Amino acid sequence: MVKASSARPKEGYQQKWYEKGIIHSGRKVLSMAVPASYNDITVSQSLRYHVGAVWYERNFFVPGSWGRRRRTWLRFGSVHYKAEVWINGEPAMSHNSGSLPFEMEVGNYVNFGATNRLTVMCDNRQGGYTIPQGNNHEAEGNRTKERYTFEMYNAGIYRSVHLYSTPRIYISDIDVDTEYFSSEQLGVVRYRLFLDGDFYGKSRNRAYYIHVQLQNQESQVVAAQINRHPFRGSLQVHNVRAWWPFLMNPQPGYLYRLQVELHKGAYKGEESIDDEILDIYRLPVGIRSLMWNNDSLLLNGKNLYLRGFGRHEDFETRGRGLDYPMMLRDFNLLKWIGANAYHTTHYPYSEEFMQFADECGIMIIDEYSAVDIDANFLNRHLLENHMSVLEQLIHRDKNHPSVIAWSVANEPYSSSGYGSAKYFQSLMWYIRKIAQGRPLTAAISRPFHDDKKNNLAELLDIVGFNRYNSWYRDTRSLEGITGAVTEEALHWRKETGKPIIIMEYGANAINNYRSLPLVVGSPNYQRQLYSRHFLAFDTLRQKKWFIGEIVWNFADFQTAQTVSRVGGDRNGIFSRNRQPKEMAYVLRRRYYALSRHLDKAMVPRAHEERKMDWMVTFLKNVSTDSSSSLE
Ligand code: BDP
């Protein structure tokens with residue numbers, strides 16, 4: 001990898017590094033790991049805070065046998081932020097928003113049975129019309145100044161890059177939609193298949209058919225169908241095992257396997273499946289029904305109460321880079337603490353993460369990085385980008401049973417004025433049309449005391465709000481929390497008549513920072529602050545339309561360097577290296593008590609078992625706990 005000058009971000013283009021190879025760029029060539037954020041891998045200050053372009057390059061080999069018979073594809077899981085790709089010096093593809101995959105058929109660019117050169121330019125500059133927005137490329141004198149408006153300080157090729165091949169005629173996409181009828185123990189899987197490739201005339205209609213099978217976890221076929229154009233149908237599964245969230249069922253996350261074979265040959269009815277197989281696609285499928293109304297969100301007919309976290313894909317050294325051990329550790333901690341949901345703050349998590357959420361039964365509020373949408377840019381350019389990233393997100397994650405809602409924005413400027421009414425109406429109109437059976441939500445943070453109308457809240461199916469009572473707002477006044485949270489939830493309910501969820505709340509806590517009297521930033525302050533929120537939540541829960549509590553944040557994380565965030569953001573319930581803070585034990589008791597109380601879940605056989613009596617009455621006792629002396 002080489003770093004282009006911040007002052008001359010175009011130098012790589014002007015000097016055609018993609019043609020000559022970066023070794024001839026005259027810049028220092030660094031070894032760089034992929035997938036990873038590049039910021040913390042070396043010891044260079046200037047690379048850590050670099051604003052502008054870096055250029056990655058590597059050679060790769062393409063098997064000779066792929067050339068004639070197959071199609072060759074190159075796929076990037078995520079490059080943050082803007083990417084341009086050359087193959088053997090030829091411009092091949094570009095993509096403009098981190099955290100989402102992009103790919104292209106590259107058969108015309110590569111040499112088969114030979115070595116090829118891949119060059120990727122990655123530019124982390126964001127502007128008023130990018131999503132997320134930023135202004136991190138304002139020049140100051142002859143250097144570009146780092147001005148991140150948000151937590152997106154890292155950059156690089158975050159996720160895996162795959163070179164793969166498909167047959168010439170291939171299955172290009174599948175849409176799956178499921179339903180679960182509990183009284184009959186019946187599951188329905190509706191599918192729609194898309195083909196692509198070298199079709200001539202109307203041959204697509206007649207020359208192919210598909211064999212669709214649904215297999216259970218013992219590899220037994222539980223439903224099957226042979227079908228022809230337009231390649232859509234539905235499968236019925238008797239004695240079905242539904243997909244359930246963690247702690248709502250003893251066996252959460254049950255996945256069937258949908259296998260679709262594409263056959264060449266005329267459709268001759270159900271018996272004929274011996275023609276040539278052109279392509280096979282396998283997809284894990286969880287069978288569940290998701291519904292919502294003005295009071296609740298229901299899965300398989302049961303009311304959901306979400307208890308979970310916002311989080312960052314963040315760890316030492318690799319930054320936002322895909323990291324399997326850390327991902328598994330986080331799921332293990334999530335189960336340990338008894339949570340059932342993640343809000344993917346503030347960008348889509350990796351595809352591997354989503355697959356794991358399906359398997360573990362962790363529900364996902366899926367979000368793209370439309371954070372802090374700035375009022376001064378609410379125009380058509382921004383709107384189109386906003387629509388585009390959400391469409392890409394929905395396309396990527398539509399088949400995951402874990403996804404229970406799309407979050408269209410985090411803390412946007414949504415009060416009346418600046419054209420926000422038109423902006424959000426257009427956005428919501430578009431996203432609603434492609435929402436694939438999920439409700440739309442967002443995390444609102446605009447003040448609710450003023451007389452400005454909120455132009456987004458009223459359009460949502462579920463209203464989320466972020467509020468840092470006693471942290472950013474009225475710091476230290478713990479006594480006011482319970483009333484403030486209750487008042488705000490009641491306000492949003494009155495204004496919208498929709499289900500309400502708290503999408504972020506919390507406070508920093510630095511381990512071993514203790515003081516009497518109580519100080520802000522100590523573990524005890526964090527605990528006191530949470531207890532007072534719990535009081536409000538337990539009152540609100542009685543009203544049924546209050547459907548969840550999401551903590552900010554799962555773990556401490558690194559941010560851009562500012563005086564207010566020395567050592568990063570310490571809002572974690574776990575430390576950055578994923579060890580529990582004191583609050584984790586309290587939250588664990590609450591989450592398990594809620595699971596037991598709401599979903600009759602079994603609590604873990606840990607030492608907490610001895611405290612069972614305490615746990616059963618926990619929901620009442622929490623008030624005693626939180627009204628105790630502040631110290
Ligand atoms: C909220 C943001 C979140 C921040 C948090 C904080 O949604 O991303 O990290 O504030 O400052 O407003 O801790």
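Note that ligands are numbered from 1 as they come in the structure, with each ligand's atoms numbered from 1 the same way. Please read all numbers here as calculations on a predicted model, not as lab measurements.
Numbered from 1 in the order shown, with element, the atoms of ligand 1 that lie under 4.0 Å from a heavy atom of Phe557 read 9 (O). The ligand atoms of ligand 1 that sit less than 4.0 angstrom from a heavy atom of Asn571 are 13 (O).
Tyr347 and His312 have their aromatic ring centers within a separation under 6.0 angstrom.
In summary, Lys453 and Glu458 engage in a salt bridge, as defined by a charged side-chain N under 4.0 Å from a carboxylate O. One finds a salt bridge joining Asp295 and Arg493 here, because a Lys/Arg side-chain nitrogen approaches an Asp/Glu carboxylate oxygen to under 4.0 Å.
Residue contact check for ligand 1: Tyr468 places a non-hydrogen atom closer than 4.0 Å to it.
Residue Asp569 places at least one N or O, backbone or side chain, under 3.5 Å from an N or O of ligand 1.
The CG atom of Asn293 lies 8.0 Å from the CG atom of Asn303; values are rounded to the nearest 0.5 Å.
Residue Asn410 touches ligand 1 through its side chain alone, judged by heavy-atom distances below 4.0 Å. At a heavy-atom distance under 4.0 Å, only side-chain atoms of Arg565, from C-beta outward, approach ligand 1.
Side-chain N/O atoms of Ser470 and Tyr525 include a donor and acceptor closer than 3.5 Å.
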